[in-house]
Amino acid sequence: MHEFKLKYGCNPDQSQARIFMRDSSKDLPLEILNGRPGYINFLDALNSWQLVRDLRKALDIPAATSFKHVSPAGAALGLALTDDERKLFFVDEKLDVNSSPLACAYARARGTDRLSSFGDWIALSDTCDEITASLIKHEVSDGVIAPDYTPEALEILKTKRKGNYAIVKIDPAYEPQANETRDVFGITFEQSRNLAPVIENEKFDSPVTLNKNFPENARRDLILALITLKYTQSNSVCCTRNGQTLGVGAGQQSRLHCVKLACDKADLRILREHPKILSLEFDSKLGRPERDNAINITLTENQILTPEERREWLASYKGVSLGSDAFFPFPDNIERAAKSGVSYIAQPGGSIRDDLVIKACDEKNIAMVMTGHRLFHH
């Protein structure tokens with residue numbers, strides 16, 4: 001297949017839309033197994049696939065991501081779920097989810113920001129199995145991309161959206177050309193693809209702060225944050241912990257607003273772990289989106305937790321890692337990050353105020369590395 005005609009472009013009035021290979025002698029490196037993905041679906045699919053592919057290569061763990069409007073709402077690695085995490089992510093207790101690292105990765109990715117993930121596009125690093133498909137079946141989603149699907153998984157996914165769920169299979173061996181192009185207002189841009197590493201491992205051994213402790217889990221979580229940022233609309237900041245994103249702040253003009261957005265989302269995600277929230281009971285007829293909305297209203301309007309309980313719970317939460325796609329221009333970013341339990345930071349460095357940012361980290365006992373690699377994505 002050399003090209004695929006789309007229903008329309010970004011909007012219904014953009015009627016001429018397709019994906020195709022510039023080199024007409026080559027086939028598209030993907031197959032549409034079900035449904036009819038649209039223009040934005042494919043933007044999400046191809047960006048999200050790169051994210052999980054990079055995570056798989058970097059950390060050798062199955063990975064998944066939940067994409068909305070060309071940025072990840074969540075991304076995660078296939079680490080086993082605790083009983084509380086099963087409740088947190090609405091995983092059926094009868095499902096043997098921990099037997100599938102890929103299913104665990106998707107549950108974690110979707111669980112980052114369930115409101116933003118409503119109607120998401122999913123990317124999976126490995127062959128989609130029956131357990132992963134069973135999780136996806138119960139979520140409101142537009143489509144999925146993976147290197148393959150088991151027959152059982154494919155049959156489950158084909159039942160979604162009245163049989164119109166978009167299922168895309170991509171060739172995991174496909175590598176694009178070294179340069180990429182795009183047209184804006186009839187003018188063609190060209191640049192080399194961003195193949196630079198998000199961080200070299202030796203950087204973790206040369207922190208710029210007084211606190212030089214980077215345990216293995218923090219290194220893993222920072223790599224997760226940085227690879228997530230590589231495919232997030234800039235400016236962007238990402239908070240991670242325990243192999244999953246907690247909050248992604250994307251597409252903000254101000255670096256401080258990126259930090260606030262990512263950390264505010266992380267706070268809500270952390271508060272969902274509070275015993276009072278985990279013990280909430282819902283009518284069995286209430287759908288998952290309605291439950292998510294109810295929990296969000298409960299947390300944002302302080303209906304269950306008192307202000308003191310919120311402060312105490314958030315204050316007890318430490319070990320959060322934070323990545324930034326560009327340098328911090330002012331130390332106020334660090335002040336906000338510290339309020340959300342951030343203990344480890346990776347950022348490119350290069351600001352004329354790097355010394356003030358380092359000083360702010362030292363005052364908060366935060367360990368920070370400077371990667372030397374900016375990760376802007378547009």
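Linking ILVMFWY residues whenever their side-chain heavy atoms come closer than 4.5 Å, directly or via other members, leaves I227 and F376 in distinct clusters. There is no path of hydrophobic side-chain contacts, each under 4.5 Å, that joins V357 to L210. In terms of hydrophobic clustering, with Ile, Leu, Val, Met, Phe, Trp and Tyr side chains grouped at heavy-atom distances under 4.5 Å, L256 and L356 are assigned to different clusters. Cluster annotation: V208 and V342 are assigned to the same hydrophobic cluster (Ile/Leu/Val/Met/Phe/Trp/Tyr, side-chain heavy-atom contacts under 4.5 Å, transitive). Under a hydrophobic clustering in which Ile, Leu, Val, Met, Phe, Trp and Tyr are joined whenever their side-chain heavy atoms come within less than 4.5 Å, directly or via other members, V70 and I19 fall into the same cluster.
By the 6.0 Å contact criterion, CD on E202 is enclosed, its count of non-hydrogen atoms from other residues, nucleotides or ligands being greater than 12. Atom CG of D13 has more than 12 heavy atoms from other residues, nucleotides or ligands within 6.0 Å. Counting heavy-atom neighbours within 6.0 Å of K230 NZ, excluding the residue itself, gives a total above 12. Around CD of E308, the count of heavy atoms belonging to other residues, nucleotides or ligands within 6.0 Å does not exceed 12. More than 12 heavy atoms of other residues, nucleotides or ligands lie within 6.0 Å of CZ in F4, so this atom counts as buried by the packing criterion. The 12-atom threshold is not exceeded at NZ of K137, counting heavy atoms of other residues, nucleotides or ligands nearer than 6.0 Å. Residue Q16 places its CD atom among 12 or fewer non-hydrogen atoms of other residues, nucleotides or ligands, all under 6.0 Å distant.
Residues in residues 297-335 take part in these ring pair (Phe, Tyr, Trp, His ring centres under 6.0 Å) pairs, two or more places apart or across chains: H274-W313.
Note that the CZ atom of R219 and the CG atom of N201 stand 7.5 Å from one another [nearest 0.5 Å]. Rounding to the nearest 0.5 Å places SG of C238 at 6.0 Å from CG of L224. Separating the CD1 atom in I223 from the OG1 atom in T371 is a distance of 11.5 Å, to the nearest 0.5 Å. The line from CG of L51 to CZ of F67 is 5.5 Å long, rounded to the nearest 0.5 Å. Put simply, CZ on F90 and CZ on F282 are 5.5 Å apart, with the number rounded to the nearest 0.5 Å. Once rounded to the nearest 0.5 Å, the distance linking CG of N194 with CD of E180 reads 8.5 Å.
Using modelled atom types and a 3.5 Å distance limit, the side chains of N47 and H377 yield a donor-acceptor pair. If you check the side chains of R110 and S141, you find no donor sitting under 3.5 Å from an acceptor. Using modelled atom types, one finds no donor on one side chain facing an acceptor on the other under 3.5 Å when comparing S192 with N179. In the model, E85 has a side-chain atom that pairs as donor or acceptor with a side-chain atom of N242 under 3.5 Å. No hydrogens or angles considered: a donor-acceptor pair under 3.5 Å links the side chains of T245 and T112. For the residue pair D221 and S321, no side-chain donor N or O sits within less than 3.5 Å of a side-chain acceptor on the partner.
Looking at residues two or more places apart in sequence or on another chain, you find a side-chain hydrogen bond (donor to acceptor under 3.5 Å, both in side chains) between N365 and N211. Under the rule for a side chain to side chain contact (heavy atoms under 4.5 Å, CB included), the partners of C258 that lie at least two apart in sequence or sit in another chain are N235, V237, Q252. Partners of R336 under the side-chain hydrogen bond (donor to acceptor under 3.5 Å, both in side chains) rule, at least two apart in sequence or in another chain, are D264, D267, S340.
Here V144 is tied into one hydrophobic group with L33, L81, L88, F89, V91, L95, V97, L102, Y106, I122, L124, I131, L135, I136, Y149, L154, L157, Y165, I167, L278, each link being a pair of ILVMFWY side chains closer than 4.5 Å. Under a 4.5 Å side-chain heavy-atom cut-off, the cluster of Ile, Leu, Val, Met, Phe, Trp and Tyr residues that includes L115 has no other member.
When every heavy atom of A262 is checked against every heavy atom of G249, the shortest pair comes out as CB-N, 3.6 Å. Of all heavy-atom pairs between C239 and V320, the closest is CB-CG1, 4.0 Å. When all heavy atoms are compared, the tightest approach of A63 to L77 is CB-CD2, 4.2 Å.
Classification of D325 and R255 as a salt-bridged pair holds, one side-chain N sitting under 4.0 Å from a carboxylate O. Salt-bridge formation is not detected for the pair R272/D84: no Lys NZ or Arg NE/NH1/NH2 atom is positioned less than 4.0 Å from an Asp or Glu carboxylate oxygen. Look at E290 and K285 and you find no salt bridge, because none of the NZ, NE, NH1 or NH2 atoms lies under 4.0 Å from a carboxylate O. Remark: D44 does not engage K68 in a salt bridge, criterion side-chain N to carboxylate O under 4.0 Å. One finds a salt bridge joining R288 and E139 here, because a Lys/Arg side-chain nitrogen approaches an Asp/Glu carboxylate oxygen to under 4.0 Å.
Looking only at distances, no side-chain donor or acceptor of N296 sits under 3.5 Å from a matching main-chain atom of D292.
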Stepwise, does the side chain to side chain contact (heavy atoms under 4.5 Å, CB included) test hold for N217 with Y344?
CA-CA 11 Å; N217 63 314; Y344 313 100; 5.5 Å; no
